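Here is the structure we will look at.
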Amino acid sequence: MNIESLLKEEAKNVDSFLKDILKQHISYPDILYNSMEYSLFAGGKRLRPILLLWTFDMFDDDRQPAYYYAAALEFIHTYSLIHDDLPSMDNDDFRRGKPTNHKVFGEAVAILTGDALLNTAYEIMTNAAIKYSDQPKRHLTAQHEIAKASGALGIIGGQIIDILSENKGGNPEILNYIHTHKTGALIKASVRAGAILGNCDKISLSVLDKYSEYLGLAFQIIDDILDEVGNAEKLGKTVGKDVKSKKLTYPSLFGLQAAKDKAAELTQKAVEQLQYFGDKAEILEALTQYLCKREF
Ligand code: GRG
């Protein structure tokens with residue numbers, strides 16, 4: 001299986017759905033449309049939408065409803081990146097290889113673009129629930145998962161503790177809170193929402209919970225490692241910022257080699273969970289292995 005080309009192909013599908021849905025939801029003011037489009041199509045990997053779609057595929061073969069949620073996840077993820085890059089947060093000049101949103105459109109428009117992306121995500125998901133009104137429970141439950149992960153108990157809580165921990169050292173419990181909330185929550189919600197929309201059974205969902213928790217933590221530890229030793233050009237963002245701003249990261253607390261070992265161990269555990277699904281999870285397994293070796 002060539003996972004790299006499968007990912008590229010799937011990202012193209014997601015992009016085409018994102019393009020249509022953006023046009024359906026906003027046409028004016030021009031600057032807002034341009035700013036939303038700029039950040040949405042700045043070259044993200046589409047990991048969260050792909051996780052949702054590939055999880056959904058294990059349980060159902062009519063993808064149409066799932067695409068709405070895949071798009072909503074990318075809208076939410078993109079909003080979080082725009083806000084995270086703001087001068088009052090991480091103050092970054094580059095993201096996905098391009099100047100950050102506020103560098104191009106100014107701070108006020110960047111904040112409002114994030115707000116618009118977030119709210120449009122809910123518009124997209126509720127619209128899907130109206131369209132597929134024969135499955136209200138699946139849709140409401142998937143929306144609840146995504147709302148929870150995007151809120152105070154998810155990425156926002158994680159972001160706040162992350163900011164407050166700068167320059168203060170910390171301990172493994174705080175680090176774990178940051179990683180599982182700032183990054184892990186939306187990754188877990190992507191997998192859960194895909195499974196729920198596909199009407200998966202309870203046991204499968206609990207196996208997928210464990211899978212996505214291991215995956216989310218491995219993904220963020222690799223992100224921490226890449227921030228220290230990654231290639232800025234490949235990553236499309238400034239490297240070395242975590243060390244400079246004394247961020248609490250896995251390498252800062254345990255060292256680089258321990259961080260690499262931990263990422264490999266978590267990836268292995270994630271893959272072990274997928275064995276429950278046999279061949280059906282082949283593509284998720286390949287994705288999980290691929291992410292552990294990523295240099296981007
Ligand atoms: C609500 C402002 C606000 C922030 C929430 C998600 C978040 C916290 C901040 C974004 C910055 C960040 C480093 C998050 C950690 C998750 C992460 C590794 C994001 C990058 O995800 P990728 O690699 O990015 O999937 P692409 O560009 O491929 O979409």
Side-chain angles (χ1 to χ4, degrees), residues 7-8 10-11 14-15 18 38-52 70-71 73-92 94-98 100-102 107 110-115 117-119 121 146-166 175 177-191 212 215-228 230 232 234-242 245 247-250 263 287-288 290-292 294-296:
L7 276 167
K8 271 193 194 133
E10 196 65 271
V14 172
D15 281 1
L18 281 174
Y38 176 80
S39 288
L40 273 175
F41 296 99
K45 294 183 283 297
R46 313 305 192 204
L47 173 64
R48 292 146 195 86
I50 291 174
L51 272 174
L52 183 142
L73 281 170
E74 194 65 18
F75 272 57
I76 293 171
H77 171 59
T78 304
Y79 123 77
S80 80
L81 298 182
I82 294 174
H83 281 195
D84 184 64
D85 291 334
L86 288 169
S88 57
M89 298 231 194
D90 258 10
N91 194 18
D92 262 303
F94 287 95
R95 166 75 65 185
R96 293 165 163 178
K98 295 192 169 156
T100 42
N101 191 290
H102 65 272
E107 216 177 318
I111 293 169
L112 294 166
T113 300
D115 296 341
L117 285 164
L118 178 62
N119 284 291
I146 293 172
K148 210 167 47 175
S150 309
L153 294 176
I155 64 175
I156 295 179
Q159 176 81 345
I160 289 196
I161 300 299
D162 185 34
I163 289 171
L164 297 180
S165 305
E166 269 180 36
L175 179 66
Y177 180 89
I178 295 171
H179 282 11
T180 52
H181 288 73
K182 190 175 102 169
T183 310
L186 204 57
I187 288 182
K188 187 172 174 183
S190 307
V191 171
S212 56
L215 172 70
L217 195 50
F219 185 77
Q220 183 54 53
I221 293 174
I222 293 157
D223 207 68
D224 289 352
I225 296 169
L226 289 173
D227 190 83
E228 275 199 20
K234 274 191 193 166
L235 288 169
K237 62 175 189 179
T238 325
V239 296
K241 281 207 73 202
D242 290 350
S245 52
K247 280 234 180 198
L248 184 57
T249 66
Y250 213 91
L287 169 67
T288 309
Y290 177 74
L291 288 175
C292 185
R294 79 191 166 108
E295 296 176 352
F296 48 90

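As the structure lists them, so they are numbered: ligands from 1, and atoms in each ligand from 1. Worth saying up front: this structure is predicted, and the values here are computed from it rather than measured. Just the heavy atoms: all of them, side chains too, but no hydrogens, waters or symmetry mates, feed the values below.
Atoms of ligand 1 lying under 4.0 Å from at least one heavy atom of D84, given by number and element, are 2 (C), 9 (C), 10 (C), 11 (C). Every atom of ligand 1 is numbered from 1 in the order shown, and the set under 4.0 Å from a heavy atom of G44 is 26 (P), 27 (O), 28 (O), 29 (O). Each of the atoms 18 (C) of ligand 1 lies under 4.0 Å from some heavy atom of D223. Close approach to R96 involves these atoms of ligand 1, each under 4.0 Å from a residue heavy atom: 26 (P), 27 (O), 29 (O). For ligand 1 and Q220, the ligand atoms under 4.0 Å from any heavy atom of the residue are 15 (C), 16 (C), 18 (C). The contact set between ligand 1 and H83, taken as ligand atoms under 4.0 Å from a residue heavy atom, comprises 2 (C). Every atom of ligand 1 is numbered from 1 in the order shown, and the set under 4.0 Å from a heavy atom of Y79 is 1 (C).
Look at R48 and you'll find a heavy atom under 4.0 Å from some atom of ligand 1.
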*Walk me through it: do T113 and Y38 pass the test side chain to side chain contact (heavy atoms under 4.5 Å, CB included)?*
CA-CA 10 Å; T113 300; Y38 176 80; over 6 Å; no
Checking K45 against L7 for the side chain to side chain contact (heavy atoms under 4.5 Å, CB included) test, could you report, in this order, the C-alpha distance in whole Å, the side-chain angles of both residues, the deciding distance, and whether it holds? CA-CA 8 Å; K45 294 183 283 297; L7 276 167; over 6 Å; no
* I178 vs L248, side chain to side chain contact (heavy atoms under 4.5 Å, CB included): CA-CA, chis, key distance, verdict -> CA-CA 9 Å; I178 295 171; L248 184 57; 4.1 Å; yes
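When the heavy-atom distances from atom 12 (C) of ligand 1 to K45, K247, H77, K182 are ranked, the shortest goes to K182.
Between T78 and N101, the closest side-chain pair of non-hydrogen atoms is not below 4.5 Å. Proximity of L118 to I76: side-chain heavy atoms (C-beta onward) are separated by under 4.5 Å at one or more points.
Using a 4.0 Å cut-off between charged side-chain N and carboxylate O, K247 and D227 make no salt bridge.
Remark: side-chain polar atoms of H77 are not paired, donor with acceptor, to backbone N or O of L73 under 3.5 angstrom.
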